[in-house]
Protein chains: 2
Amino acid sequence: MDVLQELEREVAVFARRVEGARQSWQRHQDLDRSAYLILLALANDGPLAVGQLANTFQLDISTISRQLAPIVDAGLVAKERGEIDKRQVRLSITPEGSAALEATRESRRQLYAELLADWSEADREHFLGLLKRFNERLLERQQLDR
Amino acid sequence: MDVLQELEREVAVFARRVEGARQSWQRHQDLDRSAYLILLALANDGPLAVGQLANTFQLDISTISRQLAPIVDAGLVAKERGEIDKRQVRLSITPEGSAALEATRESRRQLYAELLADWSEADREHFLGLLKRFNERLLERQQLDR
DNA sequence: CGACAACTATTGTATTATACAACTGTTTCA
DNA sequence: TGAAACAGTTGTATAATACAATAGTTGTCG
């Protein structure tokens with residue numbers, strides 16, 4: 001059978017399953033997906049504006065704006081008016097945010113350790129590499145399409 | 001950096017990107033994701049009941065029931081009362097359904113051909129293999145959790 | 001054999017994530 | 001300096017989902 005066709009199918013299934021997993025694995029104390037990804041982005045790429053986050057995830061600014069509200073309220077992200085450009089907002093992760101991020105990260109890492117318990121290190125690395133490459137492609141494609 | 005941690009992150013990103021792609025790539029004449037996956041399941045695994053489909057995707061029966069409505073209306077899936085057990089419903093793909101499935105499949109295959117244009121055949125196969133394995137794991141896990 | 005528990009599917013209702021549109025305040029530039 | 005462009009927020013609509021209530025069917029046990 002055609003590899004592309006199978007791949008396409010497997011990706012569709014993957015999307016469904018991951019979506020399902022998100023719900024059933026969501027532990028109460030952990031950050032939800034949007035908060036987790038936002039904090040990850042802020043932790044990695046320093047302070048960002050709302051629009052930059054929206055661009056990172058290819059989501060509408062309004063969506064990010066709403067997702068931000070609870071995590072700003074919870075004190076995980078600090079929000080200041082931009083100094084140079086007062087339209088912008090400068091979002092940065094707080095120490096509490098970093099702590100929450102680490103906790104969730106560890107909890108998820110644990111999950112993946114169980115999930116991939118019998119995978120060799122080589123397979124894990126290989127999968128990671130290919131997935132990264134695929135993700136980059138997806139991003140490029142989506143940016144073109146906009 | 002820890003491979004598991006990176007993998008976990010990459011999967012989260014993947015879920016987001018694929019979700020985004022679903023919206024921007026949805027061509028008008030193509031089947032939507034749920035219809036596509038349902039037809040795929042019916043084409044591969046013969047006639048199924050609503051509950052069996054729900055189990056396949058780890059979704060609530062009510063969700064499948066609703067997703068079924070438009071594709072039954074469109075004549076892509078035939079719906080009969082089960083002969084032995086009249087509570088059940090017997091869903092099977094119709095010739096029109098097969099045609100629609102093939103068209104969407106081809107359209108998606110094309111998309112993946114572009115997306116993975118510069119991947120070697122070996123990489124594609126490798127990615128497919130690892131993804132399949134990961135998907136199986138996810139399913140096992142989710143079934144346990146229910 | 002008949003009542004009741006268990007099961008299959010549908011429909012009602014609520015929630016969540018998202019986009020688009022309308023609006024406010026800020027900046028840039030002709 | 002006024003108009004167009006831009007950043008973000010809030011209002012509104014839609015789609016996908018889960019859970020609850022319900023209807024019809026089956027199976028079992030006293």
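The shown structure was predicted, so the numbers you read here are calculated from the model rather than taken from an experiment.
- We find that CD of B/Gln88 is positioned 5 Å from P of C/dA9, with the value rounded to whole Å.
- Of the residues in residues 47-54 of chain A, none has a non-hydrogen atom less than 4.0 angstrom from any atom of DNA chain C.
- Under a 4.0 Å N-O distance rule, the pair A/Glu83/A/Arg90 does not qualify as a salt bridge.
- In this structure, B/Ile84 atom CD1 and D/dT26 atom C1' are separated by 12 Å, rounded to whole Å.
- When heavy atoms are screened at a 4.0 angstrom cut-off, A/Arg81 is found touching no nucleic acid atom at all.
- Phosphate proximity of D/dA18 to B/Thr63: present, with a side-chain N or O under 4.0 Å from OP1 or OP2.
- In this structure, B/Glu121 places its CD atom where more than 12 heavy-atom neighbours from other residues, nucleotides or ligands lie under 6.0 Å away.
- Taking atom NZ of residue B/Lys86 and atom C1' of nucleotide D/dT25, one finds them 9 Å apart after rounding to whole Å.
- The 5' end of DNA chain C is approached more closely, in terms of each residue's nearest nucleotide, by A/Arg33 than by the other of A/Arg33 and A/Glu83.
- Protein atom CG of A/Asn55 is 14 Å distant from nucleotide atom P of D/dC6, rounded to whole Å.
- Checking the phosphate oxygens (OP1, OP2) of C/dT10, a side-chain nitrogen or oxygen of B/Ser65 falls inside 4.0 Å.
- Residues A/Arg16 and B/Arg33 meet the side-chain proximity criterion, which asks for heavy atoms closer than 4.5 Å.
- Whole-Å rounding puts the B/Leu68 CG to C/dT10 P distance at 7 Å.
- Atom C1' of nucleotide D/dT17 and atom CG of B/Asp32 are separated by 14 Å, given to the nearest angstrom.
- Salt bridge annotation for B/Asp118-A/Arg137: present, with a cationic side-chain nitrogen under 4.0 angstrom from a carboxylate oxygen.
- The CG atom of A/Asp60 sits 12 Å away from the C1' atom of D/dT10 (whole-angstrom rounding).
- The one candidate from B/Arg109, B/Arg108, B/Arg105 that meets the salt bridge (charged side-chain N to carboxylate O under 4.0 Å, His left out) condition with A/Glu8 is B/Arg108.
- In summary, the side chains of B/Tyr112 and A/Glu6 do not present any donor paired with an acceptor at a separation below 3.5 Å, with no hydrogens or angles considered.
- In this structure, A/Trp119 and A/Phe127 have tilted ring planes: the angle between them lies in the 30° to 60° band.
- When the C1' atom of D/dT10 is taken as reference, atom CD1 of A/Ile61 falls 14 Å away, rounded to whole Å.
- Mapping A/Arg66 and A/Arg90 onto DNA chain D via the closest heavy atom, the residue that lands nearer the 5' end is A/Arg90.
- Residue B/Arg16 is in sugar-phosphate contact alone, with no base atom involved, counting any heavy-atom pair closer than 4.0 Å across all strands shown.
- A sub-4.0 Å separation between OP1 or OP2 of D/dA18 and a side-chain N or O of B/Ser62 is absent.
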